[in-house]
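Everything below concerns the one structure shown next.
A note on names: the letters A, B, ... follow the listed sequences, proteins ahead of strands, and every chain is numbered from 1.
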There are 6 protein chains.
Amino acid sequence: MSISARNKIQGQISGIQAGEVMSLVTVQAGENRLVAAITRQAIDELGLAQGDAVTVVIKATEVMLLK
Amino acid sequence: MSISARNKIQGQISGIQAGEVMSLVTVQAGENRLVAAITRQAIDELGLAQGDAVTVVIKATEVMLLK
Amino acid sequence: MSISARNKIQGQISGIQAGEVMSLVTVQAGENRLVAAITRQAIDELGLAQGDAVTVVIKATEVMLLK
Amino acid sequence: MSISARNKIQGQISGIQAGEVMSLVTVQAGENRLVAAITRQAIDELGLAQGDAVTVVIKATEVMLLK
Amino acid sequence: MSISARNKIQGQISGIQAGEVMSLVTVQAGENRLVAAITRQAIDELGLAQGDAVTVVIKATEVMLLK
Amino acid sequence: MSISARNKIQGQISGIQAGEVMSLVTVQAGENRLVAAITRQAIDELGLAQGDAVTVVIKATEVMLLK
């Protein structure tokens with residue numbers, strides 16, 4: 001199965017700050033540190049933990065450029 | 001000036017597909033190929049062109065994880 | 001593999017309006033008609049066509065309520 | 001008054017997890033369970049409560065497809 | 001009926017650039033010029049035209065700050 | 001440096017509700033009250049405080065119209 005989202009970046013979870021409703025997951029992807037604000041429910045359902053290999057997924061319409 | 005968006009990735013524009021209203025900009029960032037769907041208006045206003053060094057900006061609430 | 005996005009709805013593609021850069025895909029999901037604005041590139045890469053069974057995926061932070 | 005957002009799904013609130021800033025609202029829409037991450041402020045202002053009939057609203061540019 | 005989205009700004013449509021799938025609508029709101037990328041389908045369904053009084057609606061999770 | 005996002009509104013922070021992970025920042029922009037749900041991390045990193053002059057930034061693809 002493939003998703004229509006254009007951006008997929010491989011990385012490893014380097015930190016999880018789990019709040020009541022929302023959580024902040026930090027992913028190290030090569031030299032980039034990416035941050036995902038996802039629900040606490042998703043953290044629990046996927047069993048996300050530090051060190052996990054994950055794919056960061058971002059829809060192209062959400063990406064901006066700075067020049 | 002700094003933006004509140006948590007994700008900033010340095011890269012270089014490797015391709016621009018300019019449509020009438022929306023455009024697709026491909027950015028090579030290390031080993032990752034990122035894709036931004038932005039307005040044609042933004043392409044013109046920022047003068048974006050192949051080879052330009054840009055920063056890809058993504059708000060943390062737009063980032064998903066796949067595991 | 002599972003995605004952190006909270007909303008997954010099964011449906012069948014009932015129409016595709018393919019533009020130059022962006023495309024509009026209509027999905028019939030039970031009694032609901034859903035509409036996705038995705039890149040033409042995604043249409044081509046996933047080989048999306050009328051009648052295909054697909055899962056509509058939406059991040060919880062993108063969902064609003066009207067009451 | 002009509003909103004430009006393409007996706008409108010009728011449902012009934014089946015659960016609210018109210019956090020300090022963000023809240024998670026679960027809506028049963030036919031056989032689908034939808035989840036909205038909205039502000040606590042919106043919960044209070046709209047007076048959202050379990051059992052309320054609501055319309056789930058999602059902009060087409062936020063919808064992805066998995067095939 | 002009220003929507004959970006936190007940002008609602010009154011304005012007047014000052015321009016529409018209608019593409020095949022996506023359209024760009026410019027709204028003058030006091031001294032601010034706002035731009036919405038919405039589907040052509042929405043333009044047609046709402047009958048949007050220059051001079052129309054509209055409310056610009058934006059979910060709080062989509063808003064960034066620059067300082 | 002310029003960002004591709006089409007919407008930039010000048011304002012002044014009139015309130016911050018800082019949660020554990022997410023925070024709600026209210027910005028007064030002329031006669032409009034805007035609300036941004038951003039990470040607590042961003043609040044801290046940018047040193048956002050009541051009274052600060054800020055620019056509200058919103059991507060055009062996130063803007064809806066109500067008529």
- Spatial distance of atom CG (D:Leu65) from atom CD1 (C:Ile38) [nearest 0.5 Å]: 4.5 Å
- Grab the two heavy atoms, one from C:Arg6 and one from D:Val35, that are nearest each other, plus how far apart they are. CB-CB, 3.8 Å
- Under 4.5 Å heavy-atom distance to chain D, tell me which part of C:Ala42 shows up: side chain, backbone, both or neither. neither
- Message: Heavy-atom pairs under 4.5 Å with chain C: which of D:Thr55, D:Thr61, D:Leu34, D:Val54 has the most?
- Response: D:Thr55
- Task: Using the test side chain to side chain donor-acceptor pair (under 3.5 Å), find all partners of C:Lys67 that sit at least two apart in sequence or belong to another chain.
- Result: D:Asp52
- Tell me, out of D:Val56, D:Val57, D:Ile9, D:Asn32, who's got the most heavy-atom pairs with chain C below 4.5 Å. D:Val57
- Flag the one option from C:Ala53, C:Ala37, C:Gly11 with the top tally of heavy-atom pairs under 4.5 Å to chain D. C:Ala37
- Message: Only heavy atoms, only distances under 4.5 angstrom. Which residues in residues 13-25 of chain C are near chain D?
- Response: C:Val25
- Does a side-chain heavy-atom distance below 4.5 Å link C:Val63 with D:Val27? no
- Between the CG atom in D:Leu66 and the CE atom in C:Met1, the distance rounded to the nearest 0.5 Å is 10.0 Å
